[in-house]
Structure formats: structure tokens, C-alpha cells
Amino acid sequence: MASLSCQVLVAGGGIGGCVAALAAARAGARTMLIERLAFLGGSATAAAVGQFVGWETARGRRVVAGIAEEIVQALVARGASPGHAHFVMSTGHRMDRVSYDTEALKGVLDDLMAAAGVEVLFHAQFIGLECAGTRITRCNVMARGTSITLLPQVAVDASGDLELLAAAGASFLPLEPGETMQPATTMFRFGPIDYAVFDALTGPELKALCEAGVAAGALPRAALHQSRVPGGDEGWFNVGRVAVDSTDPFALSRAEAEGRRQAYAAAAFIARAVPGCARGRLTALAPQLGIRESRRLCGLYVLSEDDVRRGTRFADAVAAGAYPIDIHPAQGAGLKFETLGEDHSYAIPLRCLIPRGIDNALVAGRGISASHTAHAATRVMPGTMAIAQAAGVAAAWLAQNGGRACDLPADELRRTLAASGALVP
Ligand SMILES: Cc1cc2nc3c(=O)[nH]c(=O)nc-3n(C[C@H](O)[C@H](O)[C@H](O)COP(=O)(O)OP(=O)(O)OC[C@H]3O[C@@H](n4cnc5c(N)ncnc54)[C@H](O)[C@@H]3O)c2cc1C
């Protein structure tokens, strides 16, 4: 059994894990990232989300930059993204968007990791750990049939479902009465689309088409959301809805098959009924189901719905978001999408990244300590990347200076983040 030490171990190479690892390595920490798939990006590539939304307020005030913006510029330089753009949603809300080629993002992330000196171990599944008191001492990984023991000074859980923190005995937030976990979606690529026709569809026309698709049992939700593949005439459609707890492997397996079934049914309807799509067909399925919500950490502070609505200010704020509250109900075809004001933004405190009772671990990505409703706003990728940059900088500081995560110097970290181009509220 191989055994390797590192200063910062990032478990999970989704967009959150990648940004955390980059930030930690650039801060001077010997950083290793493990990813169970053969490529980086997580939902951004493996679930083919295809667009970053939530960079700015509706009025256009930017709240996210830093490494997230670097990734956008690297995509633009490859011709894999048109960069920052806007669109008007069927609700009338003006939304910012960076659409990107999901394959190109894999290459961009590989290059950024290599340049920063992050050691990436693909095909590496985190399977367990050992603790000494309140510190994680060993992480066990299975990679290509080989058992590897990693000895990190600090661990960052960026696995989305927070598998590492679960194994370390961290606490997670329950759903409150009346809340259900957001459903998952299998994205699918469809084309060719005559975008001159498709983009000319009016709000009422789209609404009528969505209602017809739901009534026919072909659209699980009343939406024809899609992001155009840059430079092409195909789009990634986001219209499926599968209620699943992704931490249950048997339920997840059934959900993967159901997601694909929904994708084919929706594609057939789109080709049959949606103007501009008659020549199109489903050309690719996302490699895996996209998970919106699973475990949410119970950290030193729980970001509440009220904090998001009011834009509560925090002395230890390390990231900001401006994306609305976007809840996909598990049942029915509706959507709860609630805008919060023309120039509204909210802050995420460092304490939301720190588990209770574990001294050398942090969370990066969608599983931060936030209520179900607050998470519905913070979960999108620009905010996720801003949070992850803070997690990486904090992890490096902890590895280099020692001590406990709960004692991290927020003021110093805020200054470090701001100096590196992040927007710190
Ligand atoms: C269908 C859908 C549509 C969305 N639409 C948008 C949108 O339009 N715009 C937007 O900005 N955001 C959108 N989001 C939200 C956003 O994509 C996610 O919240 C975000 O990508 C989560 O990133 P993450 O890094 O936290 O987690 P993930 O992307 O889930 O990454 C976790 C990574 O950890 C790895 N991993 C897990 N367990 C292990 C293990 N045991 N060992 C090793 N590796 C492991 C996984 O393979 C994965 O690579 C959408 C999400 C979904 C599901």
C-alpha cells in the first residue's frame, strides 16, 4: 500500500475542488487533488451544465471574479466560450451567463492545475479516513485497484456529497418540515437547432409549449431551458427532474436510468413540437446525473434564508453571491425562482466553510453550511468558485501555520483573497 503526504488534500475535482486546489497551491501549499472520474469539472463537465450563471446583480454589479474569472478568460482564449453575456428569462429577469464548451473546460482545468503544481490523481475514489482526536490524519483512497493512504495536514471536502466529512463524523443539516431535496437532472445535448427561429419564440409561446410538453408527459418540468454550445447549433437541455438522495447508491443507480429515459422522451417532444428543432435529435447524454443538493454541512455558522434575503453583512465574509433563490420542487412541473432586488447581493462568511468539531478540514463547493433555501441561491458555479477560492486560501494558511480551523484569521484571509483578485464583500 502506497502512502503519500501532502499539505492540502482536496477530495473531489468538481469546479469547487479545482478552484480550492488552485488557490491552495498558489498560496504555497503542497496540494493534491483526488477525483474518482478521469477528468475534472464535476457537474460542470460530467453533468454537462454548460453555463456559469450568477456573476452580478440584475443591475450589473459584479460580485464574483478571482480564479472564476481566470477560468472564463482561459475558455474565451480557446474559443470555447463567448465570455460574459446576458439573457432575459421567461420570468422577465435579466440574467448574466457565461456559456462554455464542456469538453474544453476539462482541458482548461488540466492546464491550470499543471501550471499551479497541483498533483492530480484521477480514477481515485476516497473510501475512508482515520482521525486522532479532532484531526483527520489519514485518508484512504482506492485508485485503479491500488489502495493508497494519503497523510494530509489539512483536508478540503469538495466531493459535492461531502463523503469525506461524513466519514469524519461531521454533522449535516436536516431538511425542515415542508422542504424536499432539490431533484437531479440528466442534461442532454440536442441539435441541430435553428436558433434564429428558437430564439424568436416569445414568452407566451414558450409557456404554451412547456405546458403542452408537461401535459403530454414528455417534459418533467415546465421548461425548455438550454444553453447553446459555443460556436455550434446544438444546445444542452436542462428539463429533467428526478427525485433522489444521491448518497444512496441504489437510489442513485435507479435515478441515472430514469434521467436518461426522461432525456429521450423530452428530446422526442422537442423535435416534434418546438419550432426550430424539427431537424434535431439527442446527440449526447451527460455522462452522469447532475445533483443539485445532497448533504449540507452544519458548520460554525448556518447561512439562513433571512441572511440571503437581507444581504446580512459579516465581519468574516469571504465570498459573495447575487443569484436568486432557485428551487426545483421534487414533485410537479413548477419552479420557484425568486429574484431578490435589482442590486441585491449577499455574503458568505468563512464560518460556513468550517465543520464543527474537526480542526483540520474545510468544505468547498455546493455543500457549505446553508439552509435549504439559502443553498438554492449559493449553489450556482460562480458563487461556488468564489467560496472555493476562500477554502483553498484558508486550507493553505492552516497547513502552513497550524492551529484549528475555527481559529482561522478571517481578516488576514480576506486581505489575501482581495490581493489575489477575488471580490470580498
Ligand atoms: C442539472 C443542474 C443544472 C445546473 N445549472 C446551473 C447553471 O446553469 N449555472 C450554474 O452556475 N450552476 C448550475 N448548477 C449548479 C452547479 O453546477 C453545481 O452546484 C456545482 O457545479 C457544484 O460544484 P461542486 O464542485 O461543489 O460539486 P460537484 O460538481 O458535484 O463535484 C464533486 C466532485 O467530487 C468527485 N467525487 C465525489 N465523491 C468522490 C469520492 N469519494 N472520491 C473522489 N472524488 C469524488 C465527483 O466526481 C465530482 O467531480 C446546476 C446543477 C445541476 C445539477
Side-chain angles (χ1 to χ4, degrees), residues 9-21 33-55 64 68 87 89 95-100 102 105-106 109 120-129 139-143 150 156-167 182-188 221 223 225-227 236-242 244 246-247 249 252 259 263 286-296 321 323 326 328 363-368 375-388 391:
L9 169 66
V10 178
I15 204 72
C18 289
V19 172
L33 180 148
I34 55 166
E35 167 54 50
R36 67 186 163 89
L37 301 175
F39 52 86
L40 298 170
S43 291
T45 53
V49 168
Q51 58 175 13
F52 304 126
V53 294
W55 298 89
V64 176
F87 67 107
M89 302 179 67
M95 178 62 71
D96 57 86
R97 152 157 79 185
V98 172
S99 52
Y100 60 86
T102 57
L105 179 59
K106 297 175 185 172
L109 296 174
V120 178
L121 193 61
F122 286 121
H123 301 290
Q125 175 108 19
F126 163 81
I127 52 167
L129 51 70
C139 290
N140 303 321
V141 172
M142 187 60 80
L150 302 175
V156 177
D157 190 341
S159 65
D161 292 343
L162 305 190
E163 293 185 10
L164 185 144
L165 286 172
Q182 294 215 35
T185 296
T186 299
M187 303 277 295
F188 63 90
R221 73 172 200 263
H225 295 158
Q226 56 85 46
S227 64
W236 282 104
F237 276 81
N238 173 0
V239 297
R241 181 163 282 180
V242 188
V244 64
S246 58
T247 65
L252 181 60
Q288 66 180 29
L289 194 62
I291 305 299
R292 290 188 174 81
E293 181 180 10
S294 56
R295 292 190 184 100
R296 287 172 288 112
Y323 188 71
D326 178 6
H328 296 240
V363 64
R366 64 177 158 85
I368 61 161
H375 163 272
T378 60
R379 67 189 178 86
V380 290
M381 292 190 277
T384 298
M385 290 190 269
I387 290 165

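Counting begins at 1 with the first residue of the sequence. In listed order, ligands and their atoms are each counted from 1. Heavy-atom basis, side chains included; hydrogens, waters and symmetry copies ignored.
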Can Arg221 and Asn238 be said to form a side-chain contact (heavy atoms from CB on, under 4.5 Å), step by step?
CA-CA 10 Å; Arg221 73 172 200 263; Asn238 173 0; 3.3 Å; yes
Are the side chains of Gln288 and Leu37 in contact, using a 4.5 Å heavy-atom criterion?
yes
Nearest heavy-atom neighbours spanning Gly54 and Met95
N-SD, 4.4 Å
Output the list of atoms in ligand 1 that are nearer than 4.0 Å to some heavy atom of Gly365, sorted by atom number.
26 (O)
N or O contact, Ile291 vs ligand 1, cut-off under 3.5 Å
no
Counting from 1 in the order shown, the ligand 1 atoms closer than 4.0 Å to a non-hydrogen atom of Arg379 are 15 (C), 16 (C), 18 (C), 19 (O)
Side-chain donor-acceptor contact under 3.5 Å, Asp161 with Ser159
no
So which protein heavy atom does atom 47 (O) of ligand 1 come closest to, and at what separation?
Glu35 OE2, 2.6 Å
How about Val49 and Trp236: do any of their side-chain heavy atoms sit closer than 4.5 Å?
no
Nearest protein heavy-atom contact for atom 26 (O) of ligand 1: which residue, which atom, what distance?
Arg366 N, 2.8 Å
Within 4.0 Å of some non-hydrogen atom of Pro382, the atoms of ligand 1 are 11 (O)
Taking the side chain as every heavy atom from C-beta outward, state whether Glu293 and Arg379 have any pair of such atoms under 4.5 Å apart.
no
Could you tell me whether the side chain of Ser43 and the main chain of Gly14 form a donor-acceptor pair under 3.5 Å?
no
Shortest reach to atom 32 (C) of ligand 1 by a heavy atom, considering only Gly50, Ala158, Ser99
Ala158
Can you tell me if Asp326 uses its side chain to pair, donor with acceptor, with the backbone of Ala376 under 3.5 Å?
no
Looking only at protein heavy atoms, which one is nearest to atom 42 (N) of ligand 1, and what is the separation?
Phe126 N, 2.9 Å
When every non-hydrogen atom of Ala377 is compared with those of Val380, the smallest separation belongs to O-CG2, 4.0 Å
Ligand 1 atoms in contact with Val53 (distance to a heavy atom under 4.0 Å):
7 (C), 9 (N), 10 (C), 11 (O)
At the 4.0 Å heavy-atom cut-off, does Gly13 count as touching ligand 1?
yes
Heteroatom proximity flag, Thr384 to ligand 1, N/O under 3.5 Å
no
Sub-3.5 Å donor-acceptor pair from the side chain of Gln182 to the main-chain atoms of His328, do we have one?
yes
Ser294 and Arg366: side-chain donor and acceptor closer than 3.5 Å?
yes
Among all the protein's non-hydrogen atoms, which is closest to atom 41 (N) of ligand 1, and how far away is it?
Glu163 OE1, 2.6 Å
Quick one: which ligand 1 atoms are inside 4.0 Å of a heavy atom on Gly14?
25 (O), 31 (O), 33 (C), 49 (O)
Side chains of Arg36 and Ile127: does their closest heavy-atom pair fall under 4.5 Å?
no
Tell me which protein heavy atom sits closest to atom 53 (C) of ligand 1, plus the residue, atom name and distance to 0.1 Å.
Gly290 C, 3.1 Å
Residue part near ligand 1, for Arg36, under 4.0 Å between non-hydrogen atoms:
both
Near Thr185 (heavy-atom distance under 4.0 Å), the atoms of ligand 1 are 1 (C)
Any side-chain heavy-atom pair from Leu252 and Ile291 closer than 4.5 angstrom?
yes
Contact (N/O only, under 3.5 Å) between Arg292 and ligand 1
no
Val380 neighbourhood, listing ligand 1 atoms whose heavy-atom distance to it stays under 4.0 Å
10 (C), 11 (O), 12 (N)
Output yes when the distance from some N or O of ligand 1 to some N or O of Met187 is under 3.5 Å, and no in every other case.
no
Taking the side chain as everything from C-beta on, heavy atoms only, tell me whether Leu9 gets closer than 4.5 Å to Ile34.
yes
Any N or O on Gly16 sitting closer than 3.5 Å to an N or O of ligand 1?
yes
Starting from the C-alpha separation in whole Å, work towards a yes-or-no answer on side-chain contact (heavy atoms from CB on, under 4.5 Å) for Thr185 and Arg292.
CA-CA 8 Å; Thr185 296; Arg292 290 188 174 81; 2.9 Å; yes
Taking atom 3 (C) of ligand 1 as the reference point, the nearest protein heavy atom with its distance:
Asn238 ND2, 3.6 Å
Please report whether ligand 1 has a polar contact with Gln51, defined as an N or O pair separated by less than 3.5 Å (distance criterion only).
yes
Closest to atom 5 (N) of ligand 1 (heavy atoms only, candidates Leu33, Thr45, Val49) is Val49
Quick one: are Asp96 and Phe52 in side-chain contact, heavy atoms under 4.5 Å?
no
At a 4.0 Å threshold, what atoms of ligand 1 neighbour a non-hydrogen atom of Gly42?
29 (O), 31 (O), 48 (C), 49 (O)
Does ligand 1 come near enough to Met381 that some N or O of the ligand is less than 3.5 Å from an N or O of the residue?
yes
Within less than 4.0 angstrom of ligand 1, does Ala124 place any heavy atom?
yes
Report the part of Asp161 (side chain from C-beta onward, or backbone N, CA, C, O) that has a heavy atom under 4.0 Å from ligand 1; answer both or neither where that applies.
neither
Heavy atom of the protein closest to atom 29 (O) of ligand 1 (residue, atom name, distance)
Ser43 N, 2.7 Å
For atom 34 (O) of ligand 1, find the nearest protein heavy atom and state the residue, atom name and distance (0.1 Å precision).
Gly12 CA, 3.2 Å
Is there a heavy atom of Ala47 sitting under 4.0 angstrom from any atom of ligand 1?
no
Ignoring hydrogens and geometry, is there a side-chain-to-backbone donor-acceptor pair from Tyr323 to Pro382 under 3.5 Å?
no
